[in-house]
Amino acid sequence: MYDVLIIGAGPAGLSAAIAAREWNLNVLVIDEFLKPGGRLLGQLHQEPDGKWWNGIEESKILLEKAKELNTDIRCGISAHTIEKTDHGFSVYTNEGILEAENLLIATGAAESPAPIPGWTLPGVMSIGAAQVMTNVHRVRVGKKGIVVGVNVLSVAIAREMQLAGIDLECMALPAINSATESHGSPKKVMKALLRIAHLAPSTAIRFGSRFMKGDGTKALAVKFFPKSGVKMWGMPIHLRKAVTRINGTNQVESVTICDITADGEIIPGSERNIEVDFVCIAGGLYPLAELAAVIGCPFQYIEELGGHVPVHNEQMETPLEGLFVAGNITGIESAKVARAQGTLAGLSIAKRKGQNLAKLENQIQQAKMNVRTIRENATIQFHPGIEKGRSRMEEAYYDIVHG
Amino acid sequence: MDRIVICRCEEVDLEEIEQTLINYQCSMREIKLRTRAGMGYCGGRTCRPALNAILEKVSGEKQPHQIPLKVQPPVRPVSLGRIGETNYE
Amino acid sequence: MNSHRILDHPVLGKLTIEKEIPFTFDGKKYTGYEGDTIASALLAQGIRTLRVHEESGSPRGIYCNIGHCFECRVTVDGTPGIRACLTELNPDMIIESGKQQFSPFKSTENQDDLPRTYAEFEKQLKGEKEDEPDV
């Protein structure tokens, strides 16, 4: 019986483990991947101050700290389901049943698809798949490719692929259909893209931000968006072109790309084929909360947080006694926020063990402040309404717990 | 029109899902039962967000707080041998 | 061999290869590196098709690379359903791609397909009713 079982050895899970070990809790961390670090492993971007955020190095720092504290971390373990017991939780895994008094689910996020014709062909993969191949396994996913879907994540990863010497033709939107609507509308995409304008050495995107005050002018910004796209690090980003089809017999051979209106409608006669041997699909991230769902944790649908999120409070507690959540499962934000949330969750769990409460309470308050500060100063923000989403969750928690 | 596969495991396409939603005005569970979308090997882990988006678009209603299609354990495929093992502890 | 490796990286530096790992895929011999998953070792060789859809035979490769989509499932040393993206490559692994399965209940061309889903069943039923001659 562990004091706490942590599912997910990413930035949130590892930070939580460190905090809990510092309070001498009996901790086990499990992860499905073969090494700890989670999606942090693949991250590689330049901060506005010029320094590199290297996910592999950041993971190492967390891991070394966890090891110093003799934290038990086991990889290659998949959790199948969870049951509530009289004393805590039973987690059913491919390595048997694990028992713990407290449970922290830090399973991060998964990618939404942006289905277009031909997307089942070998050579088509999610943008996150390409990130892991490029930065973690150091494998080039193809000779020349295209990124379908323009968002914070895909722009960052496209840059990472470029750094690794992978040839990207361009980034464009997926053809609009009822499953891809939010990724295929130039207006919606423009709005989201301007949030990362400060990362781009591109005057065209910065220029666009002046149009962003009202909805009417937003349409103007899209209308005047250059036909040739804007260039970020020399790579064209097209908001007025959509990939309508991925072509190939046994694998990707080309894509068909069309000009589109500001609403995403295809302009007839504009189609042309581009030869590529790989395609990255970028449909954005959503909180991966299936394990919280099977154990009966209540949910809230909050768009600003990325979709359905298990109900939790600022201390990372859910309404289910002993069940905690941290990281992207609570809403899509940067790894830095996840790390800070993990620390907070670890401390909140320590509080349940009830030792040296005054000192602990002080640390919890500091950890809470830390999450807020990091959120406010985030360079990459996945959703502009993140604060609003967070307070809506807080309200939902109190409604559910205190009725 | 090119075929757009939504559920990769069971090769269920967008047209079939949209038509079923329109014809039967049905829930996500019913879509799953009628078309097999989300019922394949991966357990709907890939197409779930797309199915939710399609439902939102066709019904014109925002997603409810309750997850539209119940998440069923096990969340990963488990072999019967694995479940039946006596040393599964 | 391993021609798709990123050997030099401006930020991450040179790729350090600790150990080579031999394995076979569909009977052919290959070499991966220590730390590889089955998926990364195969992709480094330019191998993209890991299986075909059991029923339609459409080719599939890695998609999510984080163990959710199960598109990359292969048979490893006789055990089917192993996710190539999450499984560490071990020496002398025998890896086999997923093959098309017989569909005994599927009719051949030029015959009416049996319904695959309830919706199809209803559609066919309606069609048959319409075709019935008036008595």
Side-chain angles (χ1 to χ4, degrees), chain A residues 31-35 38-39 42 44-46 52-57 75-78 107-111 113 118-143 160-166 248-252 277-278 281 288 290, chain C residues 2-18 32-53 55-72 79 81-90 97-98:
Chain A
D31 196 285
E32 202 170 22
F33 196 54
L34 45 100
K35 45 185 139 184
R39 297 315 298 263
L44 186 65
H45 62 255
Q46 212 164 8
W52 284 93
W53 170 262
N54 179 342
I56 294 174
E57 293 304 318
C75 289
I77 298 187
S78 304
T107 43
E111 284 182 74
W119 76 303
T120 57
L121 281 170
V124 182
M125 68 199 79
S126 74
I127 188 87
Q131 183 185 42
V132 174
M133 280 297 173
T134 306
N135 294 339
V136 181
H137 300 306
R138 301 283 290 267
V139 173
R140 208 171 269 123
V141 291
K143 287 193 182 71
E160 292 170 11
M161 290 169 79
Q162 241 190 348
L163 266 180
I166 297 166
T249 314
N250 295 318
Q251 58 176 14
V252 177
D277 69 347
F278 74 91
I281 302 265
L288 184 65
E290 49 194 1
Chain C
N2 279 299
S3 59
H4 299 264
R5 294 282 172 181
I6 300 160
L7 299 172
D8 279 304
H9 192 289
V11 185
L12 299 174
K14 273 198 183 335
L15 180 65
T16 46
I17 298 155
E18 308 266 319
Y33 299 148
E34 195 170 54
D36 261 332
T37 58
I38 292 173
S40 68
L42 286 170
L43 195 62
Q45 305 282 350
I47 295 166
R48 292 171 156 201
T49 304
L50 303 184
R51 50 177 273 273
V52 296
H53 189 270
E55 196 172 316
S56 71
S58 68
R60 300 296 172 93
I62 62 151
Y63 177 71
C64 80
N65 205 17
I66 53 167
H68 293 156
C69 73
F70 286 83
E71 287 283 28
C72 68
T79 308
I82 304 290
R83 287 169 286 179
C85 71
L86 288 189
T87 307
E88 190 168 6
L89 184 72
N90 284 327
S97 62

Counting only non-hydrogen atoms closer than 4.5 Å, does [X] touch chain C with its backbone (N, CA, C, O), its side chain (CB onward), both, or neither?
X: A/Q251; answer: side chain
X: A/V136; answer: neither
X: A/L44; answer: side chain
X: A/T134; answer: both

Is there a side-chain contact between A/T120 and C/R60 (heavy atoms, below 4.5 Å)?
-> yes

Are any non-hydrogen side-chain atoms of C/H68 and A/L288 less than 4.5 angstrom apart?
->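 Counting from C-beta outward, C/H68 and A/L288 do come under 4.5 Å.
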
Exercise: identify the closest heavy-atom pair between A/E32 and A/S78 = OE2-OG, 2.9 Å

Between [X] and chain A, with a heavy-atom cut-off of 4.5 Å, which part of the residue counts as in contact: side chain, backbone, both or neither?
X: C/C69; result: neither
X: C/T87; result: backbone
X: C/A41; result: neither
X: C/L7; result: backbone

Go through A/N250, A/V132, A/L163 and name the one with the most non-hydrogen pairs under 4.5 angstrom from chain C.
->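 Highest number of pairs under 4.5 Å: A/L163.
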
On the 0 to 90° scale, with breaks at 30° and 60°, tag the A/W53-A/H45 ring pair as parallel, tilted or perpendicular.
->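 It falls in the parallel class, under 30°.
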
Distance from A/Q131 atom CD to A/E111 atom CD, nearest 0.5 Å?
->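 CD of A/E111 is found 8.5 Å from CD of A/Q131.
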
For the atom pair CZ (C/R5) and NE2 (A/H137), what is the distance rounded to the nearest 0.5 Å?
->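 Between atom CZ of C/R5 and atom NE2 of A/H137 there are 9.0 Å.
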
Hey, which of C/D8, C/V11, C/T49 has the most heavy atom pairs under 4.5 Å with chain A?
->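 Result: the option with the highest number of such pairs is C/V11.
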
Looking at A/D277 and A/R140, does any basic side-chain N land under 4.0 Å from a carboxylate oxygen?
->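 No.
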
